[in-house]
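The block underneath contains the structure these notes are about, expressed in C-alpha cells.
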Amino acid sequence: MKITFWLLDVNYEVENHEPEVWLWGVDTSGDRVLVIDKSFLTYFYAIVKEGYSPVKLADEITSRRALYPFIVKVEPVERRFFGKPVKALKIYCKDPDLVAKYAKALQKLDGVRECLEDDVRYSMRYLIDNGVVPCGWHEVEVEEESERRNVKVDRVYIAKSSPRFVEKTEVPNLRVLGFSMICYGKEGAPKPDRNPVVIISTATNTGEEKQFIAGDDMNDKPILEAFIDYVQRFDPDVIVGFGVNRQDWSYLNERCKRLGLRLSVDRAGTEPHTSVYGHVSITGRANVDLFDYADEFPDVKVKTLENLADYLGVMKIEDRVLIEDVEFASYWDDREKREILKRFSMENTRCIMGIANAILDFAIQLSSLVGLPLDHVGTAAVGFRVEWFLIKHAHKIGELVPKRVEQPYRPYAGAIVLSPKPGLHENIAVLDFASMYPNIMIAYNLSPDTYVAPGEPTPPCGVFEAPEVRHRFRKEPPGFYKEVLSYLIDVRGVIRAKMKEYPPDSVEYRVLDARQKAVKIITNASYGYAGWIGARWYMKPVAEAATAWGRHTILTAIKMAEGEGLTVVYGDTDSLFIKYDPEKVERLAEKICEKLGLEIKPDKIYTRIFFTEAKKRYAGLLPDGRLDIVGLEVIRGDWAAVAKKVQEKVLEVVLKEQSPRKAARVVKQFIQELRQRKIPYRDLVIWKTLTKSIDEYEVKAPHVAAARMLMEKGWKLAMGDKVGYVVVSGSGRLYERVKPYMFASYDEVDVEYYVTNQIVPAAARVLECFGITEEQLLKAGPEEEVTRKLTDFFGG
DNA sequence: GCGTTCAATGTACCT
DNA sequence: ACAGGTACATTGAACGCG
C-alpha cells in the first residue's frame, strides 16, 4: 500500500549493526505515523590520488574484508571536488556508526588522498540521498508493521520503497503544546538538585490551558508526574517553550532523575537528550525553542519572553505584572502573592503560544528549505543553515562535501561608506542595489569551483577578473554558488508572485510569506558564508572579489549620478542618498542597470533627513510623518531608555518643527524630571552583553562588575547573556559604582551620571550640529531657574 | 603626586 | 561561530608638569 505523510522528525537506530531510519510524521488522514526504512545503505568517499588505479585500490580494500567487516561494497566513481574532476571510491558501509572509524583508517591507505562525507550523520545522509525533506510531504510504498513496537503513533509502517517528495504548500493540522515553569529557589538561580518545580503552566493550540501546581510542601513529584502524563495524553507534535534547550529540559530531566521519575514525554520511550547544535531532541516530536528565533528580531534588544511577546503584539508589557526571578520564592511563600505568581506563569505560557503562532510557519519553512529537521534548524547558526542548503545541492551535482578544516583568519577589504554631508537635507531619495552581493556573485560567477588560481592558465571560456584584487573566475560553466543563488532568487520571485493570489490574512499567504522570508535569509547570508573561515566551502578570494566588485559598482554609480548632475549626500555599501529629482533619478537608475547589469531602484524618499558628521548614523523624516532612525542611540540597546527617549524627542522636534531651541528646552525639562526622580526606574537600566566568559576580560568593565555581583549571589551567567545594571552614587571608577538593577533602589541611583553621561551626550549628538553645546544643555533654562528660585525661597 | 592624553578594549550598530 | 566598516564609552598606562 502507499501512504502520503508529512515529515516531522527523524532519528535512527542501530541494532546488531543493522540500521533503521525512523521517519515520524502525520499522514493525509491526520494519523500519526512512524515509517521505518531498513533499506538504506550508507557510505563515504575516498578520493584517489593522481596516478593510482581506483579499481586496484577498490580491490585492495575489498580484500581486507577482515579489517573492515562492515564494508559491503566499494565502487569507483567520478565526482567533483571544488569543481575539479576527481576519481573517488564510494565505500558502502552497513553500520553507520562505523563510518567515521573506517574513514579514518582508510585515510592512511597508500593511494587515498582524503576521505570525505564520513562526517555526515546517517539520518541526514538518508534525507539528502533520497530527497526527503523535513516539513515536507512524501509518498512511500509501505507495509503495516505487525510486530508491536513500543511507540506512540497510530500506525507503524515498514517502507517498501524510498519516500518520494511531493510538492504541497499546506501544513497538516499539528498539535502544539506550549509550557513554562517556575522553580522555587531562595538564592540565585534554582538548582535541580535542591529546588523544586512549583508551577508548570501548559497551553495547547486547541485552546486548553492547564497548570500543575505544587502544594505547600512544595513536593513536585506529583505535579511532574501529572505533567508527563498530560503531555502523553495530549500527544503533541510540536512542543514549544522559551529557553528550553538551555534550561527547562535539563532541569526537568535532573529533577525527575532525583525524584525517581522518568521524563518520558516522547513517542518512543526515551528521555529528552541534547543533540547536534545543542538542541534537545524529543523523539517523534519537534521540540522548538522560540528563544532560538529571537535573533530574527533585531529590534528586540533584550531577548526576554515578555519583550518578544510585546514586540510581536502577543501581550503588551504594560498589561503585565512582571515578576523577576529573584522574587519567585517570596511570591510563592506569600499566600496572596502566590496567586499573582500563578497568573504570571500562565501568562508566560500564553506568550509562548502567541510567539509560536508568529514563528512556527517560518521555522517550518526554514526547515524544509535548508533540509534540517524542525527541532535542529532553530539551534543551527546561520552559517550552518546555509551550509546544509549547499550540501543538499552539492549532492545533486556530484560535488563532494569538503571537510571542515581549521583556517587562519585573514582579513580582507569590505564595502565603501561615504562621509555624509552633516546637517539637514530636504527631499532625499535612497537608491538601493537589490541583493547586491548575491547578484554580484551570480553576475561574475564567483564560486569556490570557478576560481582560477594565480598561475593557472586562463580557460577557453574566459574569466571575469575582479577589480583591485584581480581574482579570476571562469565564465563557464555556472558555478556552484551561481546555481544556488539563481535558484533562490528565482524561487523567491515565484513565491512573491503566488502570494498576490491570496488575501493577506489567508493561511496560504502566511505560509508563502514565511517561505519567502526563509529564502531571503539564506540568500543574503551566502556572501558572508563564503568569507567565513568556518565554512566548508570557505574561499577568501570569492568573498574578496564580491566586495571588490561591490566597491566598483557603487563607485561607478556615484560617478554616473554626478554625471547626471545629481548630488550624492551619503552612501553605504549598496545605497546612494541623492537629492531628489524624479526624472533624473529615474533615468539614473535605468542607466546604472544597463551599464552594470545590476538592478538599482529608489527605495524610499525622505522629506527631510539629518546627518551628523559620523557615518552610519542618521534620522530621516518620511512623507507619512514617521521617523527612520539609524545607528543613533535611540536604536542602541546599550543606552538607558531615558537617554533614548530624550534623543528621539529631540530628533522629532528637529526634523518636524526644525526647532533645535525647542528641542533643547525639551532636554532640560527631561533633566529636571530625572533630578526629581520622576523618570521610571526601569528607564535607567543599562543592558550590555557578556561577549566572553567572565574571567577572560582584560579590563574592568561596568557590566562585568555587575555580572560578578550577580554570580556571587548564585546567578548563572554565560557568554551571550545580557546584564542589566544601574549606576549608583559613590566615588571611584564607573565599574565601582554599578549594581545589577534588581539589587539597587532608586535612592541609590547616581542621577547626575545619567544627566552627564547619558541624556546630555545623546541629545548633544544631534543638537551640537545646530550650535547647541553640552554646556548649554546643562545650564539651567529659564523655566528651571524659576523653579530653583522658588525652591530656594521656600527652602525645599 | 596629579591631571591629561591616547591607545586598547569592549559593545553594538549598518549594509 | 555569515562578512567588513564604523562610532562611541570606558579603562588604564604613558606622559607632562613642576
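The sequence lines fix the lettering, A, B, ..., with proteins before strands; numbering per chain opens at 1. All heavy atoms count here, side chains included; hydrogens, waters and symmetry mates do not.
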Which nucleotide in C:dT6, C:dA1, C:dG12 has an atom nearest any side-chain atom of A:Tyr735
C:dG12
Under 4.0 Å between a Lys/Arg side-chain N and an Asp/Glu carboxylate O for A:Glu633 and A:Arg617?
yes
Could you work out which one of C:dC8, C:dG5, C:dA1 sits closest to the side chain of A:Arg617?
C:dC8
Are A:Val646 and A:Ile671 close enough, and set up right, to give a side-chain contact (heavy atoms from CB on, under 4.5 Å), and what steps lead you there?
CA-CA 9 Å; A:Val646 172; A:Ile671 291 174; over 6 Å; no
Expressed in angstrom and rounded to an integer, what is the separation of A:Gln647 atom CD from C:dA7 atom C1'?
13 Å
Quickly work out the A:Arg636 CZ to C:dA7 C1' distance and round it to whole Å.
7 Å
Of the nucleotides C:dG4, C:dC2, C:dG12, which has the atom closest to the A:Val699 side chain?
C:dG12
Would you mind classifying the nucleic acid contact of A:Trp537 as base, sugar-phosphate or nothing, using non-hydrogen atoms under 4.0 angstrom?
nothing
If the cut-off is 4.0 Å, is A:Asn757 near the phosphate of C:dT10, judged by side-chain N/O to OP1 or OP2?
yes
Does A:Lys301 make a side-chain N or O approach to OP1 or OP2 of B:dC13 shorter than 4.0 Å?
yes
Can you check whether A:Trp687 and A:Tyr725 have ring centres sitting under 6.0 Å from each other?
no
Between A:Asp572 and A:Ser575, does a side-chain hydrogen bond (donor to acceptor under 3.5 Å, both in side chains) hold up when you go through it step by step?
CA-CA 5 Å; A:Asp572 184 349; A:Ser575 66; 6.0 Å; no
A:Thr689 side-chain N/O to B:dA12 phosphate OP1/OP2 under 4.0 Å:
yes
Indicate, with a heavy-atom threshold strictly under 4.0 Å, whether A:Ile635 touches base, sugar-phosphate, or nothing.
sugar-phosphate
Side chain of A:Tyr697 only, heavy atoms from C-beta on: which candidate in C:dG4, B:dG10, B:dA12 is closest?
B:dG10
Indicate, with a heavy-atom threshold strictly under 4.0 Å, whether A:Asp432 touches base, sugar-phosphate, or nothing.
nothing
From OH of A:Tyr409 across to C1' of C:dG4 the rounded distance in Å is 7 Å
Please classify the nucleic acid contact of A:Arg733 as base, sugar-phosphate, or nothing, using heavy-atom distances under 4.0 Å.
base
Between A:His703 and A:Tyr697 (judged by ring centroids, cut-off 6.0 Å), do the two rings come close enough to count as a pair?
yes
Would you kindly compare A:Thr573 and A:Met719 by the position of their nearest DNA chain C nucleotide and give the one closer to the 5′ end?
A:Met719
Given C:dT11, C:dG5, B:dA12, which nucleotide is nearest the side-chain atoms of A:Ala413?
C:dG5
Should A:Lys616 be listed as having a side-chain N or O under 4.0 Å from OP1 or OP2 of B:dC13?
no
Tell me: CE of A:Met539 to C1' of C:dA3, nearest whole Å?
17 Å
Given the side-chain rings of A:Phe473 and A:Phe464, with only the six-membered ring counted for Trp, is the space between their centroids under 6.0 Å?
no
So A:Gly383, base contact, sugar-phosphate only, or nothing? Heavy-atom distance under 4.0 Å.
sugar-phosphate
Under 4.0 Å, heavy atoms only, any strand: does A:Tyr753 hit a base, just the sugar-phosphate, or nothing?
sugar-phosphate
Let me know the distance between OH of A:Tyr277 and P of C:dC2, rounded to the nearest Å.
11 Å
Quick one: label A:Ala415 by what it contacts on the DNA or RNA (base, sugar-phosphate, nothing), any heavy atom closer than 4.0 Å.
sugar-phosphate
Given B:dC14, B:dA12, C:dG4, identify the nucleotide with an atom nearest to the side chain of A:Asp572.
B:dC14
Select base, sugar-phosphate, or nothing to describe what A:Gly414 touches, counting heavy atoms under 4.0 Å on all strands.
sugar-phosphate
Expressed as a whole number of angstroms, how long is the span from A:Asp299:CG to B:dC13:P?
10 Å
In sequence, state the C-alpha distance, the side-chain angles, and the governing distance for A:Trp532 and A:Tyr527, and then conclude on ring-ring contact (aromatic ring centres under 6.0 Å, His included).
CA-CA 9 Å; A:Trp532 171 42; A:Tyr527 148 73; over 10 Å; no
Can you tell me the distance, in whole Å, between the CZ atom of A:Arg765 and the P atom of C:dT6?
18 Å
What nucleotide among C:dA9, B:dC14, C:dA7 has an atom nearest to a side-chain atom of A:Trp639?
C:dA9
Distance check needed: C:dA1 C1' versus A:Glu406 CD, whole Å only.
12 Å
Contact class for A:Ala543 vs. all strands (heavy atom < 4.0 Å): base, sugar-phosphate, or nothing?
nothing
Taking the side chain of A:Glu633 as its heavy atoms from C-beta onward, which of C:dC8, B:dA12, C:dC2 lies nearest to it?
C:dC8
Measure from the side chain of A:Trp532, starting at C-beta and using heavy atoms only, and say which of C:dA3, C:dT6, B:dA12 lies closest.
C:dA3
Candidate nucleotides C:dT6, C:dA1, C:dG4, ranked by approach to the side chain of A:Tyr412 - the nearest
C:dG4
